[in-house]
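Chain letters run A, B, ... following the sequence lines, proteins first, then strands; residues in each count from 1.
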Amino acid sequence: MSDIRVRFAPSPTGYLHVGGARTALFNWLFARKVGGKFILRIEDTDTERSSEAMVRGILEGMEWLGLNYDEGPFFQSNYAEQHRAAAYQLLESGWAYRDFAPKQERDDATIKQDIAKQKVFNPFRDLPKTESDARAETGEPFVIRFKVPEVGKTQFDDIVFGLQERDYNDIEDLVLLRSDGHPLYNLSVVVDDIEMGITHVVRGQDHINNTHKQVLLYQALGKPLPRFAHLPLILAPDKSKLSKRKHGEIVSVTTYRDAGFIPDAFINFLALVGWAPQEGLAAKDQEIFSREELINIFSLEGIHKSNAVFNFSEGDERNWTDQKALWMNFEYIKTWPLEKLLPLVKPELQKAGLWRDDYETERKAWYEHTITLLRERARTLLDFAGHGRPYFVDDLSFEFEEAAVKKNLQKDPALKTLLPELANRFAALAEFTHDTVEAALRALAEEKGVKAGLLINATRTALTGQSVGPSLFELVLVVGQNRAAERLNHAAELI
RNA sequence: GGCGCGUUGGUGUAACUGGUUAACACGCCGCCCUCUCAAGGCGGAGAGCACGGGUUCGAGUCCCGUACGCGCUACCA
């Protein structure tokens with residue numbers, strides 16, 4: 001056990017996206033590795049942009065990923081009173097001042113132009129305390145700004161980026177409290193981090209500027225600094241920061257859940273962007289890591305400084321997201337212990353109305369065999385109910401792919417009589433095994449002077465409606481004697 | 001504009017404190033296997049480490065400069 005405490009502090013202005021998820025993951029891994037506490041704090045002080053739906057989205061994302069937290073979720077808006085008190089404390093101690101200048105309305109469009117202007121000296125900075133108090137007394141609106149000292153610099157030793165320094169001249173007198181009394185981000189974060197005893201702040205590199213401001217606040221409040229570790233950013237293929245507005249649902253983690261990802265596979269993928277195991281902690285070329293392994297080998301020192309690109313191409317159905325992520329998922333589906341996979345497949349079948357309770361009792365062996373067969377070609381969990389449908393329905397309520405019918409059934413008119421004949425032979429088998437089925441099919445092919453491949457491919461399509469799938473004789477066994485005969489007869493009618 | 005950070009094949013990464021033909025994974029191409037498609041096995045193309053200087057017997061690894069990219073710069077977080 002250690003007294004290390006970290007937090008993940010998303011603002012609910014969007015769903016949990018890939019970048020946020022990785023920040024959460026690294027915090028979580030670190031906490032688990034050192035035996036510390038992982039805290040979830042929702043930074044909802046921006047009431048206009050925050051919404052309950054987004055909070056739910058974040059919570060769902062965390063749950064799906066299995067990033068369990070030891071404390072929270074705390075909602076920052078509940079602590080506004082403390083934040084306000086801190087602002088006034090700073091005002092009293094001379095670290096902050098009232099700014100009576102009227103609010104400047106700025107929108108997103110003009111903001112970047114405005115900020116190009118030089119920092120201007122604020123005339124209210126040196127307003128005598130008595131006058132400031134008097135004006136406040138009359139009810140004149142004001143914001144409370146932090147009074148950044150004139151000479152000196154802030155500094156902190158970042159675990160990832162090393163020593164960071166910033167001249168006071170490059171830091172503006174940030175607003176602590178809005179004119180409506182609303183506390184702002186930098187103040188709230190610092191007060192909460194102090195209150196929660198956060199020892200390590202692990203967050204995106206886009207906060208490095210804020211960190212300098214926060215360092216100032218820690219000092220003014222007379223509190224020791226936590227350690228900071230800033231993470232490199234995850235970029236979109238166009239090299240811009242991932243964002244909900246620009247990149248849409250493709251960057252939301254719930255999209256991956258809904259697309260049939262195994263959470264552990266996604267975690268594995270995420271862990272490897274912007275971080276790599278340190279020398280000697282893992283087999284040199286290992287890529288697949290279980291959660292436990294990741295916890296074991298994780299260290300903040302293995303995080304690197306350069307941004308990474310998360311690849312996806314919209315509109316490309318097969319490669320809709322990062323190909324390595326896709327591959328990773330496939331790899332997990334293929335190789336994960338069956339007992340871990342089964343609980344993830346069950347809800348998919350239930351959703352599709354394909355689940356039967358006897359899959360866990362009398363038909364357990366058949367069911368597991370079927371899943372074992374399907375998993376070799378399933379790229380996502382969705383495939384079990386998708387391509388897998390013909391394996392689970394008793395009737396013919398599955399789709400016959402047009403191309404498959406054309407290619408494998410209508411290719412040779414002789415199949416119209418061959419398939420019913422094959423159905424009869426299958427039905428007549430006393431023992432229905434891989435070998436007897438194969439022998440029956442090959443014997444028929446030989447008698448009729450056709451290639452076994454013709455019958456094999458036609459049978460596959462007859463049984464599943466598809467042109468691709470597992471080895472035929474495995475497939476026939478799983479479909480079973482009755483259903484196989486029935487489907488062969490039915491297929492003959494399609495010719 | 002200012003401040004900061006970064007730069008190894010298409011992508012993600014590796015390369016101990018500078019030392020053989022820059023390694024692995026994904027993706028791509030080919031071959032093998034084969035009843036289809038995958039998987040798997042084998043092999044291949046693809047970076048000379050952003051560029052230019054310097055230090056050194058020797059630099060992707062150290063130093064300087066340049067370019068490019070990204071981030072931040074708000075009474076958002």
Side-chain angles (χ1 to χ4, degrees), chain A residues 9-14 43-46 48-50 76 99 101-108 111-119 141-145 160-162 164-167 169-172 174-180 182 184-186 188-189 204-210 212 230 232-233 235 237 239-241 269 272-277 279-280 284-288 304-311 319 322-328 330-331 334 376-379 404 407-408 438 441-442 451-461 466-473 475:
Chain A
S11 66
T13 54
E43 311 223 315
D44 58 346
T45 58
D46 185 352
E48 274 176 33
R49 296 200 304 161
S50 301
Q76 195 162 54
D99 179 350
K103 181 179 180 179
Q104 277 185 295
E105 288 296 344
R106 303 210 248 197
D107 54 57
D108 282 359
I111 211 157
K112 297 288 174 191
Q113 297 158 14
D114 287 4
I115 57 187
K117 294 171 190 162
Q118 292 287 15
K119 173 189 176 189
F142 59 85
V143 299
I144 294 184
R145 302 189 97 104
V160 175
F161 288 94
Q164 297 294 307
E165 296 184 312
R166 184 77 89 253
D167 204 288
N169 276 318
D170 295 322
I171 304 175
E172 77 278 7
L174 59 141
V175 173
L176 268 19
L177 221 56
R178 280 194 333 210
S179 50
D180 61 4
H182 213 91
L184 251 26
Y185 175 73
N186 284 112
S188 297
V189 166
Q205 190 222 56
D206 48 345
H207 281 291
I208 246 173
N209 281 277
N210 285 327
H212 286 284
H230 288 90
L233 266 20
L235 270 25
K239 305 272 197 289
S240 66
K241 197 171 83 163
F269 168 75
L272 262 19
V273 3
W275 173 84
E279 181 78 14
K284 193 178 178 305
D285 296 326
Q286 190 176 346
E287 298 259 333
I288 303 290
H304 41 99
K305 303 177 187 173
S306 52
N307 296 339
V309 173
F310 179 66
N311 252 315
N319 298 316
D322 197 290
Q323 289 184 303
K324 189 147 185 176
L326 249 15
W327 169 81
M328 194 78 83
F330 181 35
E331 191 68 17
K334 223 169 38 183
E376 286 172 40
R377 282 167 188 78
R379 300 193 72 84
K407 180 180 158 206
N408 289 334
E438 177 163 11
L441 183 141
R442 289 193 189 279
K451 281 189 181 171
L454 179 73
L455 281 181
I456 287 171
N457 289 327
T459 303
R460 176 176 295 106
T461 299
Q466 299 157 19
S467 60
V468 304
S471 169
L472 183 75
F473 304 112
L475 169 64

In the structure shown, which nucleotide is the Watson-Crick or G-U wobble counterpart of [N], with both distances under 3.5 Å?
N	result
B:A22	none
B:C3	B:G71
B:C28	B:G44
B:A39	none

Checking all strands, does [X] fall into the base, sugar-phosphate, or nothing category for heavy-atom contacts under 4.0 angstrom?
X	result
A:F161	sugar-phosphate
A:A101	base
A:P277	nothing
A:D44	nothing
A:T13	nothing
A:H304	sugar-phosphate
A:T461	nothing

Rounded to whole angstrom units, what separation is found between the [atom1] atom of [X] and the [atom2] atom of [N]?
X	N	atom1	atom2	answer
A:D170	B:G4	CG	P	7 Å
A:N169	B:C72	CG	C1'	17 Å
A:N209	B:C76	CG	P	18 Å
A:Y185	B:C76	OH	P	14 Å
A:M328	B:A39	CE	C1'	18 Å
A:D206	B:C76	CG	P	18 Å
A:K305	B:G4	NZ	C1'	13 Å
A:I171	B:G4	CD1	C1'	12 Å

A:H212 and A:D170, any side-chain heavy atoms less than 4.5 Å apart: no

Verify, without hydrogens or angle tests, whether [X] (side chain) and [Y] (backbone) share a donor-acceptor contact under 3.5 angstrom.
X	Y	value
A:R460	A:P470	yes
A:N457	A:S467	no
A:H182	A:T45	yes
A:Q286	A:I288	yes

Once base and sugar-phosphate atoms are separated, protein heavy atoms under 4.0 Å mark nucleotides 20-37 of chain B, 5' to 3', with B, S and - as ----BBSS-------BBB

If the cut-off is 4.0 Å, is A:T45 near the phosphate of B:C76, judged by side-chain N/O to OP1 or OP2? no

Is the phosphate of B:G40, meaning OP1 or OP2, less than 4.0 Å from a side-chain N or O of A:K334? yes

Nearest-angstrom distance, [atom1] atom, [N] to [M]:
N	M	atom1	value
B:G4	B:G48	P	31 Å
B:G9	B:A22	C1'	11 Å
B:U13	B:C31	P	33 Å
B:A14	B:C24	C1'	7 Å
B:A59	B:G52	P	14 Å
B:C64	B:U55	P	15 Å
B:G60	B:G6	C1'	15 Å
B:G27	B:A74	P	44 Å

Would you call A:K324 and A:D322 a salt bridge, taking side-chain N to carboxylate O under 4.0 Å as the test? no

What's the closest nucleotide to the A:R145 side chain, out of B:C76, B:G6, B:C75? B:C75

Residue A:V309, side-chain atoms from C-beta onward, closest of B:C75, B:G12, B:C3: B:G12

What protein N or O atoms touch nucleotides 64-70 of chain B N or O atoms at under 3.5 angstrom, if any, and at what distances?
| from | atom 1 | to | atom 2 | distance (Å) |
| --- | --- | --- | --- | --- |
| B:C70 | O2' | A:N307 | ND2 | 3.2 |

Can you list the steps and then say if A:Q205 with A:V160 is a side chain to side chain contact (heavy atoms under 4.5 Å, CB included)? CA-CA 10 Å; A:Q205 190 222 56; A:V160 175; over 6 Å; no

Here's a test of your reading of the structure: between A:H182 and A:F269, which maps to the more 5' nucleotide of RNA chain B? A:F269

Select from A:F142 and A:E376 the residue whose nearest nucleotide in RNA chain B is closer to the 5' end of that strand. A:E376

Quiz question: going by heavy-atom distance under 3.5 Å, is there a donor-acceptor pair between the base of B:C3 and the side chain of A:R166? no

Once hydrogens and angles are ignored, does a donor-acceptor distance under 3.5 Å link the base of B:A77 to the side chain of A:N186? no

As a test of the definition: with a 90° window around 0 for syn, would you call B:G46 syn or anti? anti

Any side-chain donor near an acceptor of the partner, A:D44 and A:S50, under 3.5 Å: no

